[in-house]
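One structure is given here, and the rest of the page talks about it.
Predicted, not measured: the structure shown is a model, and the values here were computed from it.
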Amino acid sequence: MKLADKIILLRKKNGYSQEELADLLDVSRQSVSKWESSQSIPDLKKILKMSSIFGVSTDYLLKDELGEEDLLGDEIVKTDNDYKVKYVSMQEASDFLGKSLKSAKEISFAVMLCILSPVMLIFLMGLMEMNMLKMSEDRVGAFGVMILIAIVAISVGIIIKNTMKMKEYDYLENDVIETEYGVDGMAKDRKREYSEIHTRSLIIGVGLCIASVIPIMCSIIVFGEESEFTIFAVCILLIMVSIGVKTIVDTSIVWGSIIKLLEEDEYTRSNKAYRRNSIMGIYWCIVIAIYLCYSFVSNNWSMSWIIWPVAGVLSAVVSQVEKMIKKKA
């Protein structure tokens with residue numbers, strides 16, 4: 001058994017994330033990551049320190065012929081009774097990544113449909129304003145809202161279906177996991193391969209969301225603020241935002257599935273404990289309620305979408321405040 005695999009095994013058995021082990025060894029998380037992927041080897045001082053931290057001999061760490069079965073009886077690793085420990089096989093990890101990829105496409109499409117849902121209503125209102133549609137305002141509004149509700153219903157159905165399909169893997173987000181030999185290496189390979197795609201997708205998605213205001217600005221400059229063409233510019237804005245958000249959601253779900261297997265970033269063991277009693281679920285329920293109430297009462301679907309980016313920014317603030325309060329407690 002190689003040193004890299006032993007570090008992974010002992011780190012996980014002792015309940016440490018890469019960040020936590022790095023802090024104990026006074027090195028960066030990247031250093032621990034390189035040791036675990038066999039890109040570099042810790043020096044003798046770090047080997048001695050790991051021997052002390054893990055409660056194993058230096059011989060065990062350095063000799064490749066010694067494996068997990070050679071751990072001595074008195075070399076007991078720590079357990080954390082606050083966590084459930086779930087063992088993940090290679091087959092289970094592969095199935096999870098495959099299903100996540102498919103689910104990401106469907107969920108991101110559903111989110112895009114939700115953002116596009118008011119487009120038909122806005123478009124019909126624009127045609128009516130330009131006298132290109134011979135229908136009463138009430139009929140146009142009723143028809144547009146009917147389409148909106150139908151699209152939202154389809155979108156919610158897709159999201160619920162995929163949520164239920166992935167529910168069997170909830171433990172990856174909430175519980176401590178122990179992975180079968182080879183799973184960490186496979187997940188790291190996927191992460192390395194997907195890293196560039198993830199970064200590019202985020203740039204494209206965020207860029208589209210930022211650039212979505214350009215059509216409205218152009219309409220105001222060319223036709224004036226009160227022009228009917230501004231209504232159609234809002235439709236273009238929503239289309240650009242929907243594509244951008246779809247791209248972000250798609251890549252974030254795929255990236256998140258890889259990170260879950262590696263227990264990194266927001267899925268470290270300490271963060272899993274924090275999320276168990278988090279108020280973020282309640283926060284997003286309130287945001288959805290505000291969005292729907294404001295949109296239906298004001299009938300201002302062309303502007304109510306702004307609630308989502310604002311809520312996204314505020315969610316980071318709420319999360320940090322919650323963490324600070326819990327740390328003090």
* Could you walk me through whether Ser155 and Val111 pass the side chain to side chain contact (heavy atoms under 4.5 Å, CB included) test, one step at a time? => CA-CA 7 Å; Ser155 303; Val111 172; over 6 Å; no

* To do: Calculate, to the nearest 0.5 Å, the distance between atoms CZ and OG belonging to Arg190 and Ser257 respectively.
  => 8.5 Å

* To do: Check whether any side-chain heavy atom of Ser33 lies under 4.5 Å from a side-chain heavy atom of Gln39, and answer yes or no.
  => no

* Assess whether salt bridge (charged side-chain N to carboxylate O under 4.0 Å, His left out) is satisfied between Arg11 and Glu20, documenting all intermediate values. => CA-CA 9 Å; Arg11 173 176 64 78; Glu20 290 166 339; over 6 Å; no

* **Contact check, side chains of Ile147 and Leu121, non-hydrogen atoms, under 4.5 Å** => no

* To the nearest 0.5 angstrom, please state how far the CG atom of Leu113 sits from the CD1 atom of Ile154. => 7.5 Å

* Do Thr247 and Ser108 come close enough that some side-chain heavy atom pair is under 4.5 Å? -> no

* To do: Mind running side chain to side chain contact (heavy atoms under 4.5 Å, CB included) on Ser17 and Glu263 for me, showing each step along the way?
  => CA-CA 7 Å; Ser17 66; Glu263 288 192 301; over 6 Å; no

* Asked: Can a donor-acceptor pair be found between the side chains of Ser219 and Thr230 at a distance below 3.5 Å?
  -> yes

* Considering non-hydrogen atoms only, spot the tightest contact between Ile253 and Ser100 and give its length. => CG2-O, 4.0 Å

* Asked: How close do Ile7 and Phe54 get, heavy atom to heavy atom, and via which atoms?
  -> O-CZ, 4.4 Å

* side chain to side chain contact (heavy atoms under 4.5 Å, CB included) between Met112 and Leu116: does it pass, once the steps are laid out? -> CA-CA 6 Å; Met112 183 178 76; Leu116 289 174; 4.0 Å; yes

* Look only at the side chain of Asn14 and the backbone of Leu10, and say whether a donor-acceptor pair between them is shorter than 3.5 Å. => yes

* Structure fact -> dist Leu48:CG -> Met50:CE (nearest 0.5 Å) comes out at 9.5 Å

* Should Ser31 and Ser28 be marked as a side chain to side chain donor-acceptor pair (under 3.5 Å) after you check the CA-CA gap, both sets of side-chain angles, and the distance that decides it? -> CA-CA 5 Å; Ser31 295; Ser28 66; 3.1 Å; yes

* **Side chain Ser212, main chain Cys209, donor-acceptor under 3.5 Å** => yes

* Decide if atom CG of Leu101 counts as having more than 12 heavy atoms of other residues, nucleotides or ligands within a radius under 6.0 Å. => yes

* Asp43 bridged to Lys46 by N-O distance under 4.0 Å -> no

* Asked: About how many Å separate CG of Leu62 and CD1 of Ile41, when rounded to the nearest 0.5 Å?
  -> 9.5 Å

* **Contact summary for Ser37 and Lys188, nearest pair of heavy atoms** => N-NZ, 3.9 Å

* Asked: Can you hop from Ile221 to Ile236 via hydrophobic side chains spaced under 4.5 Å?
  -> no

* Roughly how far, to the nearest 0.5 Å, is OH of Tyr171 from CD of Glu92? -> 3.0 Å

* Hydrophobic cluster identity match, Leu24 and Ile47, side-chain contacts under 4.5 Å -> yes

* Asked: In Å and rounded to the nearest 0.5 Å, what is the CG to CH2 distance from Leu3 to Trp35?
  -> 9.0 Å

* Asked: Are Asp5 and Lys2 close enough, and set up right, to give a salt bridge (charged side-chain N to carboxylate O under 4.0 Å, His left out), and what steps lead you there?
  -> CA-CA 5 Å; Asp5 297 319; Lys2 293 181 180 179; over 6 Å; no

* Structure fact -> Minimal heavy-atom distance between Tyr294 and Ile307, with the atoms involved, is CD2-CD1, 4.3 Å

* Under the criterion side-chain contact (heavy atoms from CB on, under 4.5 Å), which of Ile8, Leu261, Leu9 is the partner of Asp184? -> Ile8

* Taking every non-hydrogen atom, the tightest pair across Phe123 and Cys235 -> N-SG, 3.8 Å

* To do: Before accepting this row, confirm whether a basic side-chain N of the pair Lys161/Glu106 lies closer than 4.0 Å to the acidic partner's carboxylate O.
  => yes

* To do: Kindly indicate whether the side chain of Leu127, heavy atoms from C-beta on, has any atom under 4.5 Å from the side chain of Val140.
  => no

* Do Ile53 and Leu25 touch side chain to side chain, with heavy atoms closer than 4.5 Å? -> yes

* Asked: Among the clusters formed by ILVMFWY side chains lying less than 4.5 Å apart, do Val241 and Val213 turn up in the same one?
  -> yes

* To do: Step through the shown structure and confirm whether more than 12 heavy atoms of other residues, nucleotides or ligands are within 6.0 Å of CE on Met186.
  => yes

* Asked: Taking it one step at a time, do Asp26 and Lys49 satisfy salt bridge (charged side-chain N to carboxylate O under 4.0 Å, His left out)?
  -> CA-CA 10 Å; Asp26 295 322; Lys49 201 164 185 179; 3.2 Å; yes

* To do: Using modelled atom types only, decide if a donor and an acceptor are shared between the side chain of Ser51 and the backbone of Val56 within a distance under 3.5 Å.
  => yes

* To do: Following the transitive rule for hydrophobic clusters with a side-chain heavy-atom cut-off under 4.5 Å over Ile, Leu, Val, Met, Phe, Trp and Tyr, establish whether Leu237 and Ile214 coincide in one cluster.
  => no

* Asked: Centre of Tyr169's six-membered ring, under 6.0 Å away, within 45 degrees of the axis: is that where NZ or CZ of Lys99 sits?
  -> no

* Heavy atoms, side chains only, cut-off 4.5 Å: are Ile259 and Lys191 in contact? -> yes

* To do: Kindly determine whether Tyr194 and Val254 satisfy side chain to side chain contact (heavy atoms under 4.5 Å, CB included), including the steps that lead there.
  => CA-CA 9 Å; Tyr194 192 71; Val254 175; 3.6 Å; yes

* Quick one: are Ser201 and Ile248 in side-chain contact, heavy atoms under 4.5 Å? -> no

* Asked: Under 4.5 Å between any side-chain heavy atoms of Trp255 and Thr199, yes or no?
  -> no

* **More than 12 heavy atoms from other groups under 6.0 Å of NZ on Lys102** => no

* Asked: Does Ile239 offer a backbone N or O that forms a donor-acceptor pair with the side chain of Ser242 under 3.5 Å?
  -> yes

* Give the cluster check for Ile243 versus Ile210: same hydrophobic cluster or not, with ILVMFWY residues linked at side-chain heavy-atom distances below 4.5 Å. => no

* **Flag for Gln91-Ser89: side-chain donor and acceptor within less than 3.5 Å** => no

* Structure fact -> Residues Pro118 and Cys114: closest non-hydrogen pair is CD-O, 3.9 Å

